[in-house]
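Note sheet for the following structure.
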There are 2 protein chains.
Amino acid sequence: MDESAKRPGRAKRADAQRNEQALLDAAAAVFVSSGIDAPVREIAAKAGVGMGTIYRHFPTRADLIVAVYRHQVDACAEAGPALLMDSASPYVALDRWVDLFVDFLVTKHGLAAALGSDQASFETLHAYFIDHLVPTCDQILEAAIAAGEIRADIGAYELMRGIGNLCIYADQDSRYDARRLVGLLVAGLRT
Amino acid sequence: MDESAKRPGRAKRADAQRNEQALLDAAAAVFVSSGIDAPVREIAAKAGVGMGTIYRHFPTRADLIVAVYRHQVDACAEAGPALLMDSASPYVALDRWVDLFVDFLVTKHGLAAALGSDQASFETLHAYFIDHLVPTCDQILEAAIAAGEIRADIGAYELMRGIGNLCIYADQDSRYDARRLVGLLVAGLRT
DNA sequence: TGATAAACGGAACATTGCTCCGTATAGTTG
DNA sequence: CAACTATACGGAGCAATGTTCCGTTTATCA
């Protein structure tokens, strides 16, 4: 799991490592203040590097976003089995896991929108979320279906896209509560 | 209701009227092929007018979008009372009306996203939808609540935003069926 | 037909994503 | 420690797009 465990070539140069970390820190800060659609120049400037450097380390915006949020996505994925164990029923576990997912999404301005978009530049982002979260969601969903608590005609991917969509622009409108809508959606799953 | 019923000044010049119509026609066509985010230049070119002309007639993109879809929005709004009369129950009317709304949204590439966005340039668009559709939705919702068919803790605005969000990017992903998700959301309203 | 207000068109500027290449340097080797 | 080379850097520059501004054209009217 160590970063330096890259297959063949030698390790990165020291300045390259420093710059990559600086970019991650800068991006995390800028994403909070300006959303994940913030101008590339702003991130580069905050990190104190040139345009060329940011594109060398993170060829697409999606690569940068994934790098910044990887740990949180992984944590969400890993929380699934534990919830399934600890909860009174699979449906309760589903409800709790969805809460985790929603909490993550609504605090990342613009992320939910990027997730739904099929812009080629977001391919990596899309793939990371699908690969890491769909299996977990599917596991919970299957358990709830097996327990007869929810209808069987919905897939993990489609449910997660629906939840993601409900979280789009959720932080821009005080009259709209994404958590409540997601709650209704999950309620609609009940048999 | 006539267009020429503008209060004080005299009627528009003939060439201005022609250009406005040409712009509406061009925009309608371009919106279908390239979505409502199509470059302004593309619309102006298709209409055979200069950049200045399009901005003079429609200062913001939202103004143009509203002008293009006004009739369809109005039709959706006016369909509400009829559905309430003709349906077996308010809940059925709600279900049917939501179908109309979803059908409208999913066939307008990018419109649902623009509706949710709080970009200042979409203010007019937002306002038009709120003003014209929320009252209708509210009427159906209230009837369903009065009939005890759905829970009472959801407002028309919030529901419509949720439906709108579920329709975002719906035409870009064959694995995602907005109608199904909206169906689940509405099902979640049942008492 | 001439005057004038209305409308037009497109050049020009600003923002932003992305690329390219000349320059600088970390790490290595003799 | 000095020279060398693979890496990495930086930012100018191009392309796309939104938006404005103003000199020119034209519809309308007397």
Side-chain angles (χ1 to χ4, degrees), chain A residues 3-4 6-24 26-27 30-31 33-65 109-110 113-114 117 119-125, chain B residues 3-4 6-24 26-27 30-31 33-65 109-110 113-114 117 119-125:
Chain A
E3 289 306 316
S4 62
K6 296 278 178 60
R7 277 332 123 39
R10 58 169 58 81
K12 274 181 182 165
R13 250 168 61 168
D15 54 348
Q17 288 180 35
R18 275 198 309 275
N19 280 331
E20 182 165 328
Q21 191 55 51
L23 277 168
L24 283 174
V30 171
F31 285 172
S33 59
S34 309
I36 66 165
D37 295 316
V40 183
R41 280 172 176 75
E42 188 179 338
I43 300 170
K46 183 135 194 162
V49 306
M51 296 293 300
T53 300
I54 193 169
Y55 278 100
R56 194 170 315 106
H57 286 282
F58 305 100
T60 72
R61 183 183 293 274
D63 294 321
L64 183 54
I65 298 172
H109 304 193
S117 161
Q119 298 281 314
S121 52
F122 286 132
E123 219 171 291
T124 309
L125 180 66
Chain B
E3 290 304 318
S4 61
K6 295 277 177 61
R7 283 322 123 47
R10 59 168 56 81
K12 274 180 180 165
R13 253 169 58 168
D15 54 349
Q17 288 180 33
R18 275 199 309 276
N19 281 332
E20 183 166 327
Q21 191 56 51
L23 277 169
L24 283 174
V30 171
F31 286 170
S33 58
S34 309
I36 65 165
D37 295 317
V40 184
R41 278 172 177 75
E42 189 178 336
I43 301 170
K46 183 134 192 164
V49 306
M51 297 295 300
T53 299
I54 193 169
Y55 277 99
R56 192 171 315 105
H57 285 282
F58 305 100
T60 72
R61 183 182 293 274
D63 293 322
L64 183 53
I65 297 172
H109 304 193
S117 162
Q119 299 279 315
S121 52
F122 286 133
E123 219 172 291
T124 309
L125 180 65

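Residue numbers begin at 1 in each chain, while the letters A, B, ... track the order of the sequences.
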D:dC9 phosphate, OP1 or OP2, under 4.0 Å from A:Asn19 side-chain N/O: yes

A:Leu23 CG to D:dC9 C1', straight-line distance once rounded to whole Å: 12 Å

Nucleotide nearest A:Lys12 (side chain, heavy atoms from C-beta), chosen from D:dA8, D:dA27, D:dG18: D:dA8

A:Ser34 side chain vs A:Phe31 backbone, donor-acceptor pair below 3.5 Å: no

side-chain N/O B:His57 vs C:dC8 OP1/OP2, d < 4.0 Å: yes

Rounded distance (Å) that lies between atom C1' of C:dG9 and atom CD of B:Glu20: 18 Å

Separation of C:dT15 P from A:Asp37 CG (nearest whole Å): 18 Å

Donor-acceptor pair present, A:Arg13 side chain and D:dA8 base, under 3.5 Å: no

Residue A:Ala14, side-chain atoms from C-beta onward, closest of D:dA8, C:dG27, D:dG10: C:dG27

Exceeds 12 heavy-atom contacts within 6.0 angstrom, atom CD of B:Glu123: no

Euclidean distance, atom CD of residue A:Gln17 to atom C1' of C:dG27 [Å, nearest integer]: 13 Å

Nearest-nucleotide 5' precedence on DNA chain D, B:Pro39 against B:Asp15: B:Pro39

Show me the protein contacts with nucleotides 19-22 of chain D, counting only N or O atoms at under 3.5 Å.
unit_1 : atom_1 : unit_2  : atom_2 : d
D:dT19 : OP2    : B:Tyr55 : OH     : 3.2
D:dT19 : O4     : B:Arg41 : NH2    : 3.4

Those residues that, when tested against A:Arg18, pass salt bridge (Lys or Arg N to Asp or Glu O under 4.0 Å) (two or more places apart): none

Only distances under 3.5 Å count here; give the side-chain donor-acceptor pairs of residues 48-63 of chain B to other protein atoms, sequence neighbours excluded, each with its distance to 0.1 Å.
unit_1  : atom_1 : unit_2   : atom_2 : d
B:His57 : ND1    : B:Glu20  : OE1    : 3.4
B:Thr60 : OG1    : B:Ala62  : N      : 3.3
B:Thr60 : OG1    : B:Asp63  : N      : 3.2
B:Thr60 : OG1    : B:Asp63  : OD2    : 3.0
B:Arg61 : NH1    : B:Ile36  : O      : 2.8
B:Arg61 : NH1    : B:Ala38  : O      : 2.9
B:Arg61 : NH2    : B:Ala38  : O      : 3.2
B:Asp63 : OD1    : B:Thr124 : OG1    : 3.4
B:Asp63 : OD2    : B:Thr60  : N      : 3.2

Distance-minimising heavy-atom pair for A:Ala22 and A:Ala47: O-CB, 3.7 Å

Under 4.0 angstrom between B:Thr53 side-chain N/O and C:dA7 OP1 or OP2: no

Check: A:Ile43 and A:Leu64 side chains under 4.5 Å, non-hydrogen atoms: yes

